[in-house]
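Notes follow the structure.
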Amino acid sequence: MIKRSFFTLTKPRLSYDLVEPDPKESEPIPIPSNLTLLLNEPIDNTRQALIKKGDAVEKGEKLRLYNQSTEYTISPVAGTISAIDTYSDDFGSTSTYLVIKSNQGQTTQTNSITYDLKDDIASADEYFRTLPGAPPLKILASDDVKINTIVITCSDMDLLSTTNQYITLKFLDEIKEGAKVLKKITHVPKLCIMVPESLNVQGKFDSIQVFKTSMEYPSNLPAMILKDHLSMILPAGKAPEDMGVSFISAEAVVSLANAYKTKSAGFEKILTVIGKQGTQYRIKATIGTPLRKIFNAFNIHINEQDRIVIGGPMKGFATYTPHHPVQPDMDTVMIQDRDIIPELSDNPCVNCGNCIRICPANVPVNILVRYLEADQYEEAADKYDLESCIECGLCAYTCTARIPLYQYIRLGKHELFKLRALETAND
Amino acid sequence: MTNNKLTVSHAPFWHDGDSLFQMNLNIMIATLPAVIFGIIQFGAPAFGVLALSLSSAMVWELIMNVISKKKISIGDLDSAVIGLIFGMMLPATSPWWLVVTGTFVAVIIGKMIFGGIGANPFNPALVGMAFLMLSWKVFFDFDAAYVNYEFDFTALAPLAALKFQGAYEVAGVFPMSDLIMGKQVGAIGSTFGLGLIIGGIYLILRGYIRWEIPVSFIVGIIVTALAFSMANPDTYAGPVIHLFSGYTLIGAFFLATENSSSPVNRIPMLIYGFSAAVMIILMRNIGAYADGTVLAILLLNVVNPLIDIIRPKALGKGVNNA
Ligand code: SF4
Ligand code: SF4
């Protein structure tokens with residue numbers, strides 16, 4: 001954990017990690033006998049489901065809950081569905097998980113189904129949303145938003161994460177190939193790539209604009225990239241898509257290149273696992289593999305009250321179970337020993353101003369938090385810039401009173417969203 | 001392994017390790033040069049006053065915690081800081097009841113009834129101080145307070161002397177080196193200018209006080225005092241005596257910088273510090289008070305919320321390029 005330095009006349013600096021030069025190959029984790037897949041749609045018992053417990057599935061088979069469902073997942077193995085149940089996330093919204101019992105051996109490579117693929121975005125969106133790296137195909141294929149700029153992210157979003165940098169060093173040719181595929185299927189006029197300024201990338205990108213990103217957190221976050229490299233200010237409460245910009249991870253681009261070459265989906269996700277002592281493991285695991293399998297493979301012991309963080313230390317989330325599966329967008333897993341978990345408090349804001357000094361979006365966090373504590377979300381958004389927050393987490397990182405500021409802000413946005421939805425419904 | 005209870009909480013999962021306890025502890029450490037000097041200069045009574053002030057402030061908060069059935073909050077050392085700084089502003093000869101009454105007003109009225117830490121619109125120590133000064137003015141006549149002391153320097157409170165005799169008379173009586181080195185009569189923790197400056201710089205470097213406030217405060221004192229003395233050098237003293245005597249330096253580094261009652265945005269901080277200093281000099285030169293620091297900072301506490309709305313525009317607010 002990066003502590004406050006003794007002298008902090010200037011605001012603290014947090015730097016992104018740089019991937020080690022000439023990294024080793026990632027270590028493969030054997031395919032487990034049970035895999036868990038998440039499906040972003042709640043179970044509706046009144047409807048006739050397309051899949052049920054006991055169904056046989058093929059490797060690469062597309063699985064949907066209902067006929068009208070737009071959400072889907074792809075089975076990474078051949079096997080049978082052994083469970084379908086409800087899963088609730090951080091904010092209490094529900095979705096579904098499936099458990100697939102694999103009937104292929106750990107090593108025998110079954111071939112994945114090949115798809116009848118066309119060179120357009122709709123076809124890619126049919127099959128490839130859950131490729132490793134989670135390409136934003138749904139957005140790209142949507143008729144509601146017009147994307148005219150795609151940014152390939154070879155930098156990682158959170159601290160400690162190096163997965164995308166690793167992929168950039170290892171699979172540069174595939175990235176170039178994938179960029180061509182992207183261009184062909186989306187016809188976007190502008191393709192850009194963001195690369196950490198300290199990363200030594202050999203070779204050139206043709207007809208792709210390269211952004212050298214700073215190593216200082218949070219300069220890789222989408223809103224900062226828009227501001228620093230595309231000279232766009234993201235209006236409060238808007239997403240980059242609303243501005244016509246979509247971000248796609250380097251890994252997703254590599255996956256797309258491979259998928260178009262083989263006309264089938266890949267399932268091997270590369271992730272960086274960070275042990276309690278900060279040891280980094282680079283591994284390759286099949287989507288759906290329970291994290292526990294990975295920990296076992298490296299003798300990482302998880303004790304009571306330790307914390308498993310998915311994503312990085314600033315923006316990730318903590319899971320309540322070591323069975324949590326590897327997912328397409330899971331770049332980093334970090335294990336924190338219970339002894340180093342920072343304590344939060346229920347202190348009120350003391351107006352020390354640390355959050356104000358550090359906030360990259362000029363949010364008046366010290367005032368905002370008072371409104372959020374009082375559940376005044378509209379006021380918080382109108383007067384105190386709730387929606388300008390780019391969700392970097394820095395305010396909570398430096399808060400002297402140790403208020404869970406970032407959580408207040410995320411919850412506040414969530415509630416605001418619900419309120420607005422209600423208002424529109426009532427109009 | 002399967003039935004482990006993991007810790008589940010929310011991002012960020014790192015913290016820079018700072019806490020209210022750390023902050024307040026550092027403020028107390030920063031007062032040490034001035035405090036130790038005060039104890040040496042004014043002897044055991046000074047130590048007694050400081051100890052009583054610090055402890056009674058904490059006891060008042062504890063009592064309030066118990067009465068209002070809230071969590072015991074003295075562990076964050078906030079009241080300890082209030083008590084300590086309050087004690088530093090008292091003469092060493094203060095009777096015990098004066099100290100205890102003062103910390104009562106400071107902690108209970110200045111802080112707790114507003115909702116405790118972070119909710120006080122005024123600097124609590126100053127609220128207590130203002131109350132005592134209005135009620136028992138005589139104890140703050142530093143010349144009278146130390147009649148029984150033998151000093152090896154001019155045993156006159158510099159600001160009072162200035163007020164009643166004028167700049168012309170006091171010129172040369174208080175050499176700058178004496179003032180900085182604490183060779184002057186005053187409150188326990190306010191005489192050793194160098195010590196206060198060292199403590200203040202320590203806090204600035206460690207990021208526990210915002211540099212904009214003390215810097216603009218000191219600039220304000222210098223500029224205003226200079227303007228007055230240039231207009232009429234016989235009546236009005238130059239910046240040196242103003243800066244290094246009375247509560248000026250403790251005000252700049254320890255009073256005006258109190259978190260909850262001061263601004264956090266840069267321009268407001270500069271306005272706040274500068275204006276407080278201007279008010280101090282105005283009170284000293286034109287008003288009825290020899291010092292004025294207490295009232296001037298309290299006055300700026302009142303307007304703080306009005307100034308602190310000047311802030312940079314948040315990202316994406318008021319842009320229409322969507
Ligand atoms: S998380 Fe905090 S510091 Fe980061 S943009 Fe939002 S309000 Fe500002
Ligand atoms: S960092 Fe925390 S305590 Fe300090 S002003 Fe911001 S919210 Fe308040």
Side-chain angles (χ1 to χ4, degrees), chain A residues 1-4 6-9 12 223 232-236 238 242-243 292 302-309 313-322 334 336 338 341-342 344 347-353 356 360-364 366 385 388 390 393 396-398 400-402 404 406-407, chain B residues 1-24 71 73 76 78 115-120 202 204-212 258-266 269 304-305 308-309 311-322:
Chain A
M1 183 155 14
I2 302 175
K3 292 282 184 192
R4 191 173 201 276
F6 189 78
F7 292 121
T8 51
L9 178 59
M232 288 181 189
I233 297 292
L234 188 62
K238 296 274 187 212
D242 302 325
M243 313 276 293
R292 191 171 56 92
I302 310 285
N303 300 318
E304 197 143 315
Q305 262 139 50
D306 286 354
R307 188 156 65 181
I308 302 176
V309 175
M314 300 306 279
K315 294 174 60 64
F317 66 95
T319 174
Y320 53 84
T321 165
M334 162 177 117
Q336 275 186 319
R338 60 171 170 219
I341 294 178
L344 291 176
N347 287 319
C349 167
V350 297
N351 214 39
C352 69
I356 303 293
N362 291 334
V363 176
N366 60 333
D385 308 326
S388 294
I390 63 164
Y397 170 78
T398 67
T400 314
R402 299 200 174 201
Y406 182 42
Q407 180 58 10
Chain B
M1 172 145 176
T2 45
N3 291 323
N4 272 337
K5 280 228 173 12
L6 295 172
T7 302
V8 184
S9 50
H10 301 283
F13 301 100
W14 278 359
H15 190 276
D16 67 5
D18 207 5
S19 65
L20 295 176
F21 175 83
Q22 283 292 331
M23 176 179 78
N24 287 325
K71 218 179 71 193
S73 55
D76 60 25
D78 191 58
I117 188 168
N120 50 295
Y202 171 79
I204 289 176
L205 290 179
R206 298 234 38 207
Y208 288 115
I209 59 175
R210 308 186 274 277
W211 64 265
E212 290 89 342
E258 198 272 334
N259 280 323
S260 179
S261 53
S262 62
V264 293
N265 291 297
R266 177 153 298 160
M269 287 193 280
N304 160 39
D308 209 18
I309 51 177
R311 59 181 175 89
K313 199 158 73 187
L315 189 71
K317 272 276 173 146
V319 284
N320 297 314
N321 56 352

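Proteins come first, then strands; the chains are lettered A, B, ... in the order of their sequence lines, and each starts at number 1.
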For chain B, which of A/Cys349, A/Pro364, A/Pro348 has the most heavy-atom pairs under 4.5 Å? A/Pro364
Highest number of heavy-atom pairs under 4.5 Å with chain B: which of A/Gly316, A/Gly353, A/Pro360, A/Ser388?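 Counting heavy-atom pairs under 4.5 Å, the top option is A/Ser388.
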Side chain to side chain donor-acceptor pair (under 3.5 Å) against B/Asn265, all qualifying residues, sequence neighbours excluded: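 In terms of side chain to side chain donor-acceptor pair (under 3.5 Å), with neighbours along the sequence ignored, B/Asn265 is linked to B/Asp308.
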Nearest-0.5 Å distance, [atom1] of residue [X] to [atom2] of residue [Y]:
| X | Y | atom1 | atom2 | value |
| --- | --- | --- | --- | --- |
| B/Arg210 | A/Cys352 | CZ | SG | 7.0 Å |
| A/Thr400 | B/Asp18 | OG1 | CG | 5.0 Å |
| B/Leu6 | A/Tyr320 | CG | OH | 11.0 Å |
| B/Lys5 | A/Asn303 | NZ | CG | 15.0 Å |

Interchain contact, B/Ser262 with chain A, by part (heavy-atom threshold 4.5 Å): backbone
Check each atom of B/Tyr202 against the heavy atoms of chain A and say whether the ones under 4.5 Å are side chain, backbone, both or neither.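 It is the side chain, since no backbone atom gets that close.
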What residue, out of B/Ser260, B/Pro263, B/Ser261, has the most heavy-atom pairs lying under 4.5 Å from chain A? B/Ser260
Does a side-chain heavy-atom distance below 4.5 Å link B/Phe13 with A/Lys315? no
Check: A/Asn362 side chain, B/Leu315 main-chain N or O, donor-acceptor pair, under 3.5 Å: no
Any donor-acceptor pair under 3.5 Å linking the side chain of A/Asn351 with the backbone of B/Val264?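 No, because the side chain of A/Asn351 does not come within donor-acceptor range (under 3.5 Å) of the backbone of B/Val264.
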Kindly indicate, with the supporting measurements, whether the criterion side chain to side chain donor-acceptor pair (under 3.5 Å) is fulfilled by B/Ser19 and A/Arg402. CA-CA 7 Å; B/Ser19 65; A/Arg402 299 200 174 201; 5.1 Å; no
Partner set under salt bridge (charged side-chain N to carboxylate O under 4.0 Å, His left out) for B/Arg311, not counting sequence neighbours: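 In terms of salt bridge (charged side-chain N to carboxylate O under 4.0 Å, His left out), with neighbours along the sequence ignored, B/Arg311 is linked to A/Asp385.
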